[in-house]
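Written out below as structure tokens is the structure these notes cover.
Please read all numbers here as calculations on a predicted model, not as lab measurements.
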Amino acid sequence: MERYNFKIVEEKWQEKWLKLGAFKSKIDHSKEKFYCLEMFPYPSGKIHMGHVRNYTIGDVLSRYKSLQGYNVMHPMGWDAFGMPAENAARENNLDPKEWTNKNISTMKGQLKKLGLSIDWDREISTCSEQYYKHQQLFFLELYEKGLVYRKENYVNWDPIDQTVLANEQVIDGKGWRSGAVVERKKLNQWFFNISKFSQELLDGLDDLKQWPNKVKVMQKNWIGKSFGCEIVFKTEGDLPVKEIKCFTTRPDTLFGLSFLALSVDHEISKYFQNDTKFQEFKKECSKTGTTEEAIAIGEKIGFKTNLKAFNPLNPDQKVPVFFANFVLMDYGFGAVFGCPAHDQRDFEFAKKYNLNIKTVVKPDDENDDFTVRDEAYSGPGVLINSEFLNKLKAPNESIIKTIDILEDRKIGKKKINFRLKDWGVSRQRYWGCPIPMAYDKEGKVISIPKKDLPVKLPENVNLNSKGNPLDAEKDWKKIIINGKNYTRETDTLDTFVCSSWYYLRFCSSKNLEYGYKQEEIDYWMPVDQYIGGVEHAILHLLYSRFFMKALGYKNDNFKFKEPFKGLFTQGMVCHETYKDQNNNWLSPEEIELVGNEYYIKGNLNDKVKVGPSESMSKSKKNVIDPENIIKNYGADAVRLFILSDSPPEKDVQWSEQGMIASYKFLQKLWILHNKIKEKIQSDNKNSGNNEALQKFTNQMIKKITNNLNGFNYNVIIANIYEMYNFLSKEIEKKIDSEILKDCYKKILILLSPPIPHFAAECMEDLNLDKDLKWPKINTKLLEDQKIDYVVQINGKKRAILNESRDIDQDTLMSIIRSNKLSEKYLKNKSINKIIFVKNRLINLLVNE
RNA sequence: GGGCGAGUGGCGGAAUUGGUAGACGCGUUGGUCUUAGGAACCAAUAGUGCAAGCUGUGAAGGUUCGAGUCCUUUCUCGCCUACCA
């Protein structure tokens, strides 16, 4: 017998699968479809362990579903637009397209080595014209439907790089690259009207039964629906301002009014443009907003105006109007009324500026003279000090009643407010999908005619120019439409747009006319199982959901409400971190273990400081390169390990020892396979006790099937070890060769989702590779086993009796009475009560 | 501050959802075979006891014949979110 040579075996099967077209998918209405999709990677250079984990999980599922007889589609593509390409290209003086395509081919090769069951015929790349031309058409369609518009909006502006920064690129108020203090600048930008679908996006969550609750809660919070009321406050003062509109969820506390607070960006701020004190205050406000801790501590500061506002329910009451740092412009109306007694922020503000604090809600167990002292009271209770609102139950009854009154008096309106804002899709970048729009001399917008799509990215652009490189492409910018001169839009689309519909494209990846083909999405959509990192819980997954609704808007042919029927979010791959004595990060390759301590390789004087296990990242140098690992141990061993150590939804700790153990296990499994082979070929008929093997196999079919259905992939690996442990003992006994063959074939099928090359090789070796179907559970075999009955005396386990299934209480009792148990525990005692659980246990309650 | 989730051996983690706690793996210990072992194989491995046994799932209560699992209180940790009126 030869050692198991993973290199030869894995290459052989990968070639064979390719030649057979084993993973090609096409519409087949006689079969139930299963669309399995993992989040497609950004082609950054090489695959990392996170990809290995993500795609292994998806591959196990795809292969399992195939064996179950589903018509599986399991495609792969590239999220190929984005800044890293632009940055890398700039640094190395390359074309972003070249850089990207090179990475794609490297990573594709690496993914192939993992033995993934991917239909590569459907491969797409978002940076190809073939892809983005359809995206441009979608953009125009949404524009026609009124779901796309242009408006001025604030952006993070880096004055040195002359570019817009995403929020995550602003670190402590400075640009991540230039280090310049980031400015807020107003720019004209394109927006998708996602907020139009706020309610739908919220309601849709209820139908997503196969989504993790966590993600649904995150989206729900992000959409942020709140029920309340807008209230108009009349004002007086030296400004031409007659009234201020506020949004509140607690109109019932209006008698506790103490002040109005406005955002520094509120339209009234225009009267303070030349007020240096106000401008200073505004600056101060933007400073406090930068660090997270500052927000957490959140000192409330205000700027008092000369305006006074009248309480709409009590016109005798006049309160001051402030600008305040804790009021956001883009929520509600950028203005709130302050009720310090029942809102902690208002409370802190009132304390600081010595404003009136009037209690208008008392807890149920307090008297009417209850007053708020050290902190605001926001719990339930009863209204007090509120004239005609007194005695109403807060919050429900009192809110509804107050809104009714305000509406009657025409000073307020019921209002539902969403936190979700429209999606700004303009990016001042080169490496993205061009926005198919143009402007005339007056700045009026015109769509690029659909027949002229795609608007192609120009090539050989100078990426080192300041600002948006496309803006510097004078020739490219010029365009003639209907004989008139126009200037192209130079912004490109946020790359999240590309990933908002790619799952549709996979269904019709080669369709030239349109982004998808109706009959193909009708068959394949929705994605049955989507798998990816939880970091996309909000943006990507919400944008994709929006995109489906936008495509279906005013389009009856498009009937899918949700893109992803099932969602699974896998955990990250972690590794210990290492530092030298000077606190420089060290990679695992730079160190060695001597005794119990780590040292820098070849240097016993330099001890290494071992840090906590953290998600693998280049900056901490705690990365393990999958390519080396696959080369050293093989794809099956890597797949086995990456699945084995933790539940897939949790983080997993990379361990070299664990990896080696998986590798060794496959070697052991190969030895076992050869023993089984010998036994099968020895052709001994009707010998031995075969029942145990049959029952065990059947139990394993049940366990593994259940664990696959429940995504307990780590337990499946444990089950595989169990099978090994059992078989390696059982094989020493006498077994009928036909029964062994039958059982072993089933077991090999069970092995094939996680370790496909190995399983295929073993099947072929025994000529068992025909007619592969996921084995069925034989309920008969489960039924007639004997049962370990637990015998408890007064709730304590005293014995385990192995007896027939389905025996009744009396039979079990008579067995117990004839057992030595009764001598020990039941002699001279009376049994008060017997609890009997069929096929499980019996509990005897006796007098002590 | 708000939301979500989790606490089980030295470690990663199992437990048919209220019914034998610790499956499976790593590590450790002992042994066998080897020139050698950081290879392979065998055995042990929650704690405590010579043993029968007793104690054990972050802590304290409770429900139950029976609780890792359900309820109440509490502590710790992780993740997400950020003044949302």
May I ask you to say what [X] touches in the nucleic acid, namely base, sugar-phosphate or nothing, with a heavy-atom cut-off under 4.0 Å?
{"X": "A:Lys796", "value": "sugar-phosphate"}
{"X": "A:Gln792", "value": "base"}
{"X": "A:Gln653", "value": "nothing"}

With both distances under 3.5 angstrom, what nucleotide forms a Watson-Crick or G-U wobble pair with [N]?
{"N": "B:G68", "result": "none"}
{"N": "B:G10", "result": "B:C26"}
{"N": "B:G78", "result": "B:C4"}
{"N": "B:A40", "result": "B:U32"}
{"N": "B:C54", "result": "B:G47"}

Query raised in the report: B:A6 phosphate, OP1 or OP2: any side-chain N/O from A:Lys650 under 4.0 angstrom?
Result: no
Query raised in the report: Taking only side-chain nitrogens and oxygens of A:Lys300, does any of them come within less than 4.0 Å of OP1 or OP2 of B:C83?
Result: no
Query - Residue met sooner reading RNA chain B from 5', once A:Ser646 and A:Ile538 are mapped to nucleotides - result: A:Ser646
Query - Closest-nucleotide 5' rank along RNA chain B - winner of A:Asn707 and A:Asn725 - result: A:Asn707
**Report entry** Shortest side-chain distance from A:Glu722, nucleotide among B:C4, B:G19, B:C24
**Finding:** B:C24
Query raised in the report: Since syn is defined as within 90° of 0, does B:U69 count as syn or as anti?
Result: anti
Query raised in the report: Mind telling me whether B:G9 is syn or anti, cutoff 90° either side of 0?
Result: syn
Taking the [atom1] atom in each of [N] and [M], what is the distance between them to the nearest angstrom?
{"N": "B:U74", "M": "B:G2", "atom1": "P", "value": "14 Å"}
{"N": "B:A67", "M": "B:U63", "atom1": "C1'", "value": "10 Å"}
{"N": "B:C77", "M": "B:C26", "atom1": "C1'", "value": "24 Å"}

Requested in this report: Would you mind reading off the distance between A:Ile800 atom CD1 and B:A21 atom P, rounded to a whole angstrom?
Outcome: 8 Å
Requested in this report: Give a yes or no on whether a donor-acceptor pair under 3.5 Å exists between the nucleobase atoms of B:C79, that is its base, and the side chain of A:Lys214.
Outcome: no
